[in-house]
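Single-structure report; data block below.
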Amino acid sequence: MSRLRSIVRTFGPAVEVVGTEEYRPARPGPGEVAVRMLLAAVNPSDLVTISGAYASRTVLPFVPGFEGVGVVEETGPDVRDLRPGQRVLPLGSAGAWQQTKVTDGRWCLPVRPELSDEQAATAYINPLTAHLMVRQHVVAAGAELVVVNAAASTIGRMLIRMLNRAGIRPIAVVRHPRGLAALAGAGLTAAVCTADRAAGEAVRELTGGRGADVVLDAVGGAEGAELGRALATGGALVHYGLLSGRPLPADLPAARPDVRLVLFRLRDWVHRVHTTDPDRLTEALAEVYELVLDGTAASQVAGVYPLSAVRRALLRDAEPGRPGKVLLRLTG
Ligand SMILES: NC(=O)c1ccc[n+]([C@@H]2O[C@H](COP(=O)([O-])OP(=O)(O)OC[C@H]3O[C@@H](n4cnc5c(N)ncnc54)[C@H](OP(=O)(O)O)[C@@H]3O)[C@@H](O)[C@H]2O)c1
């Protein structure tokens, strides 16, 4: 039976290069599973991949989408742990933006029944990243003075709630006054808008001149570096995103040899533990499901679009101030 999928044939801006086409999914081979996708998220990592930033490891044409939920439709030979009708997150590869994803059964992680499809479709990338960063780089380090950059983003808000659970009221940094409004009521020491004042100077002042223990930065460029310079001796700049489109300046380590620069990429952690100790991934996802269900790792949804309207979805995603995630509906 013919199905619909999104397709990228040339790298470029997502709104320009993502198209759709009909296709006939392959039957699952040994160890494989055909997953009928229900909902998929649009994430910055999808847009970056579509732009060609990872061209060396992305083969054209490809179906984008690193996050989504679906139902097992058919299992291939040698698949014992999954059964048709089971809801799963098919992780570990792109391809969520299509109606049927045929993939390695070992990468299909079961979803708790209490999660709605919307919760499940957004339960992986941001929640697991935030959970791991807080656990590994804040709680384990005994950090107290924490800065969250791009704090009004979906993951920024999750980080704030996770830090609050750990007894920490972070300093939030946003680029626009609408971010301050979006964070009203959040458990913060202070919220700083970089349109009003320099973030580094504000952090030094708010920490009594001491500097921060940890900066969680998804912006990069000059602003990420400025926050890195506002760390206390022994502090850590945990850099996990490039919303500015610019890398951290190369001279940052020389300027602050007394702080640590940590590059966090969920993909690296997930692929490493999946190879060495897959139970750790299952356990971490179970922890994250709990946090999604109690609201700590919940994502707001800004809009749900049918796959046939993928460009409209991507235009919505590109709107500044969009309150939450854009999702693609893959059924119907
Ligand atoms: N390393 C990893 O493994 C990993 C995993 C998950 C997420 N991330 C990264 O986390 C970041 C946020 O992801 P998300 O899903 O939470 O994004 P999102 O919900 O789509 O939100 C994007 C946010 O970024 C803000 N923003 C855009 N450009 C900015 C800039 N130049 N400076 C400051 N803020 C800017 C927007 O602010 P406005 O409201 O003003 O428009 C918006 O709040 C992305 O860079 C993503 O790649 C990385």
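Whatever order the structure lists them in is the order used to number ligands and atoms, beginning at 1.
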Suppose we measure from [atom] to each protein heavy atom; which comes out shortest, and what is that distance?
atom                    : result
atom 11 (C) of ligand 1 : Ala218 CB, 3.7 Å
atom 19 (O) of ligand 1 : Thr154 OG1, 2.6 Å
atom 12 (C) of ligand 1 : Ile155 CG2, 3.8 Å
atom 45 (O) of ligand 1 : Leu243 CG, 3.4 Å
atom 47 (O) of ligand 1 : Pro44 CB, 3.5 Å
atom 20 (O) of ligand 1 : Arg322 NH2, 2.8 Å
atom 22 (C) of ligand 1 : Ser153 CB, 3.9 Å
atom 5 (C) of ligand 1  : Thr129 OG1, 3.1 Å

TODO: Using the salt bridge (charged side-chain N to carboxylate O under 4.0 Å, His left out) rule, collect all pairs that involve residues 134-163, keeping only residues at least two apart or in two chains.
DONE: Arg135-Glu287
List every atom of ligand 1 that sits less than 4.0 Å from any heavy atom of [X], numbering the atoms from 1 in the order shown and giving each element.
X      : value
Leu242 : 45 (O)
Ser244 : 31 (N)
Pro320 : 41 (O)
Gly321 : 38 (P), 39 (O), 41 (O)
Gly241 : 45 (O)
Arg265 : 1 (N), 3 (O)

Task: Short side-chain donor-acceptor distance under 3.5 Å, Asn43 and Ser45 - done: no
- [ ] Using only heavy-atom distances, determine whether the side chains of Thr233 and Asp258 contain a donor-acceptor pair under 3.5 Å.
- [x] yes
Among [options], closest by any non-hydrogen atom to [atom]:
atom                    : options                        : value
atom 7 (C) of ligand 1  : Asn126, Ile125, Asp268, Val270 : Asn126
atom 48 (C) of ligand 1 : Tyr240, Tyr124, Phe264         : Tyr240
atom 40 (O) of ligand 1 : Arg267, Arg178, Arg246         : Arg178

Open item on the list: For Thr194, which part has a heavy atom under 4.0 Å from ligand 1: side chain, backbone, both, or neither?
Closed with: neither
TODO: List in chain and number order the residues that pass side chain to side chain donor-acceptor pair (under 3.5 Å) with Arg329, two or more places apart in sequence or in another chain; answer none if no residue qualifies.
DONE: none
Considering distance alone, does some N or O of [X] sit under 3.5 Å from an N or O of ligand 1?
X      : value
Glu223 : no
Val219 : no
Leu266 : yes
Lys325 : yes
Arg175 : yes

Task: Charged tip of Arg5 within 45° of Tyr23 ring normal and under 6.0 Å - done: yes
Open item on the list: Using every non-hydrogen atom in the two residues, find where Thr194 and Arg175 come nearest and quote the distance to one decimal.
Closed with: OG1-CA, 3.2 Å
Task: Considering all heavy atoms, the nearest Pro77-Pro28 contact - done: CD-O, 4.1 Å
TODO: Answer yes when Arg9 and Glu21 have at least one side-chain N-carboxylate O distance shorter than 4.0 Å, and no when they do not.
DONE: yes
Open item on the list: Please confirm whether Ala152 approaches ligand 1 to less than 4.0 Å, judged on its heavy atoms.
Closed with: yes
Is the side chain of [X] donor-acceptor paired with the backbone N or O of [Y] at a distance under 3.5 Å, no angle test?
X      : Y      : answer
Glu67  : Ile125 : yes
Lys325 : Ala121 : no
Asp46  : Phe66  : yes

Open item on the list: Among Leu89, Val69, Leu293, Thr122, which residue satisfies the side-chain contact (heavy atoms from CB on, under 4.5 Å) criterion with Leu115?
Closed with: Leu293
Task: Within-4.5 Å side-chain heavy-atom neighbours: Arg112 and Arg87 - done: no
Open item on the list: Less than 6.0 angstrom separating the ring centers of Trp107 and His271, yes or no?
Closed with: yes
